[in-house]
2 protein chains.
Amino acid sequence: MSKRVTMADVAREADVSLMTVSRVINQADSVSDGTRQRILDVIDTLGYRPSGIARGLATQRTGTLGLVVPDIANPFFSGVARGAEQIAYTEGYNVFLCNSEEDTAREVDILQSLEEKRVDGLILCSSRLEDDDLAQALSAHAFAVLFNRRIDSDSIRSTMVDDESGAIKLTRYLLSSGRRRIGMLAGPPASHSGHQRLRGYRAALAAADLTLSDDLVIPCTPSVTGGMSAASDLLSVHSQLDALICYNDLVAVGALQACAELELSVPEDIAIAGFDDIPISGLVTPPLTTCSVPLQTMGEAAMRLLLNQISGCNSTDLDTVFYPELVVRAST
Amino acid sequence: MSKRVTMADVAREADVSLMTVSRVINQADSVSDGTRQRILDVIDTLGYRPSGIARGLATQRTGTLGLVVPDIANPFFSGVARGAEQIAYTEGYNVFLCNSEEDTAREVDILQSLEEKRVDGLILCSSRLEDDDLAQALSAHAFAVLFNRRIDSDSIRSTMVDDESGAIKLTRYLLSSGRRRIGMLAGPPASHSGHQRLRGYRAALAAADLTLSDDLVIPCTPSVTGGMSAASDLLSVHSQLDALICYNDLVAVGALQACAELELSVPEDIAIAGFDDIPISGLVTPPLTTCSVPLQTMGEAAMRLLLNQISGCNSTDLDTVFYPELVVRAST
DNA sequence: CTGTTAGCGCATTCAC
DNA sequence: GTGAATGCGCTAACAG
């Protein structure tokens, strides 16, 4: 591997100064067509590729962004990531993908490493940090967009799902279809989404003048196995439940499996509803009633918000809120 | 936002030279404990964070890697990405995630942008480029690991699934369970995996002295909808098929749906088998018989291979080959 | 339209 | 143990 071709090599070969080469590369127009073409030719034959890091040092802008998710293997976040990456790509940015593993220490560590890499901005999904710690960890970053989380800061925007309204729709629908004893698998205790969805559930019940015991709500790990064990725990104690609202679709799939093991038929014996409408939700048996969150679109929106902040044009952009839609399928 | 704290600020504040600060940061031992502690304190109170790009410029190593996948929303690749990112994180690297969208032009573009970012190495999954173009696009990168693809080069290793043996296992199993008219939804024509799986299918049939028309093999887009339309196309012409091997599980799920629409019951009328064993495969109805590929483990292996190459220690590492395992479920 | 000077923030020689 | 000089590859600000 011979030494890398630098701008100096190009300049020498084309018999111009560094500056002129730099101008050609940066699309500046103040270069005569002749020289420009000559330089472009030299760049081509030499196979010159400008160094992003050198440029980054000089300009204080790296053209890189960070995307922090709890787990990229979770279809929810891989959908968001796809949307976000797509927009970043079309705008010429590269994206660091980081898995926080729902671990606050790792989250802080990641935020620091992204700072060392001098990202121009970042999107942080489902942070598990306390407000103060989050503000602290983010303080070194000029621009950030939070996903499903809000924080008081000028430079930080949010892209949100209105979880509460979604949960209200879901609960109201179950009530309207005659269900009265509705339990909830509420997700991780520290989850903002979980809290909001729980609020919605309670609000809808209250609006229907229905009071249910808090025993019907239990937390769970947001995964298929988490849903399965939580559902069997809950149902073994409260066998009279006729519906279950789940933190998300993965949990709901687990609940379906638990019902199968308990020989409860869905939706006859018990209705199961999820949240998010991830790709598998329409493919399981029975297909899941759920609340649809436009994953990819939200990823795109978050990235647009971030890039607008960075470019400073539309820095007056407000937070983006998405309203989930009820998707009725056979599980209810 | 005040100006960033630099090493010079730390040096001045601690009343030492730049060099000493640099030594402390890089763990060099030739610094007295007193000075070291004083510097660490200053770093802490000033909130100094070394600039990765400046360091990258000076050392020619960025501590960043590239991961190129066709589509991160595909559970196959998000599994791989999770494994790869996990290893990279523990070794102190950051990973650029890029979606090639199965588009060769975009793939080349991505490889160039990763070169400009001066990544230390990259993992490239399921490249759709011709061998020559691939070698060309990779030539600027010191280290690369290919996923499910081999190429003749000293600096390029591969992590492979033995697709052929997997397809043989699958086909042999179907034959042993009495299926005789086995069709195949073979995936994208340009897919290396597709070719190998097709080879395995043919080899197993040949070994059983069974000759089937090539009409029973058709290409398809590697998605649920692709599988659905391909399956209904194939079955509308060849209604006598008693089994279908699918390029991957997504395609198989599509095939299941096509069968449902055609009112064919699985597995009574026709057996459906997939490939990869992605998370949803055990959750659909009926659960899919498939060939299990350890996604996350493969991602980890690919990343280890890459990091070993980069560090130069085990540069004699061979390619890693994973043998898929037959997973029999109710769809066959 | 083009070139010169200066620095971005850090690590790598060498000296002391 | 510590420091001074030099350069990594590029762009910004000014001259011409």
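In what follows, chains carry the letters A, B, and so on, assigned in the order in which the sequence lines appear, proteins first and then strands, with residues in each chain numbered from 1. All figures in this text were calculated on a predicted structure; none of them were measured in a lab.
In this structure, A:Phe96 and B:Phe96 have parallel ring planes: the angle between them is below the 30° cut-off, well short of the 60° mark.
No side-chain donor-acceptor contact under 3.5 Å links B:Arg150 to the backbone of B:Phe147. Listed for the B:Asp120 side chain is a donor-acceptor partner under 3.5 Å among the backbone atoms of B:Thr62.
Atom CG in B:Leu57 sits roughly 12 Å away from atom P in C:dG9 (whole-Å rounding). Atoms OH (B:Tyr48) and C1' (C:dG9) sit 7 Å apart, rounded to a whole Å. With rounding to whole Å, A:Glu116 atom CD is found 10 Å from C:dC10 atom P. Protein atom NZ of A:Lys117 is 15 Å distant from nucleotide atom C1' of C:dG9, rounded to whole Å. The CE atom of A:Met19 sits 10 Å away from the C1' atom of C:dT2 (whole-angstrom rounding). If you measure from atom CD1 of B:Ile25 to atom P of C:dC10, you get 7 Å, rounded to the nearest angstrom. When the C1' atom of C:dT12 is taken as reference, atom CZ of B:Arg61 falls 15 Å away, rounded to whole Å. Spacing between atom CG of B:Leu18 and atom P of C:dA15 amounts to 20 Å, rounded to whole angstrom units.
Of the residues A:Leu134, A:Ile156, A:Thr159, the one that meets the side-chain contact (heavy atoms from CB on, under 4.5 Å) test with A:Arg149 is A:Leu134.
Comparing A:Thr59 and B:Thr59, the nucleotide of DNA chain C nearest to each residue sits closer to the 5' end for A:Thr59. Both B:Ser32 and B:Ala58 sit near DNA chain D, but only B:Ser32 has its closest nucleotide nearer the 5' end. When each of B:Arg23 and B:Arg49 is assigned the nucleotide of DNA chain C with its nearest heavy atom, B:Arg49 is the one assigned upstream, toward the 5' end.
The shortest distance between the side-chain N/O atoms of A:Gln60 and the OP1/OP2 oxygens of C:dG9 is below 4.0 Å.
Of all nucleotides in DNA chain D having an atom under 4.0 Å from a heavy atom of chain B, the first and last in 5' to 3' order are D:dG1 to D:dG9.
Between the base of C:dG9 and the side chain of A:Arg118 there is no donor-acceptor pair shorter than 3.5 Å.
For A:Glu101 and B:Arg82, the salt-bridge test passes: some basic side-chain N is under 4.0 Å from an acidic carboxylate O. Salt-bridge annotation for B:Glu115 and A:Arg4: present, with a side-chain N of the basic residue lying under 4.0 Å from a carboxylate O of the acidic one. A salt bridge links A:Arg12 with A:Asp9: the distance from a Lys NZ or Arg NE/NH1/NH2 to an Asp or Glu carboxylate oxygen falls below 4.0 Å.
Residue A:Val16 is classed as a sugar-phosphate contact, given heavy-atom separations below 4.0 Å to backbone atoms only.
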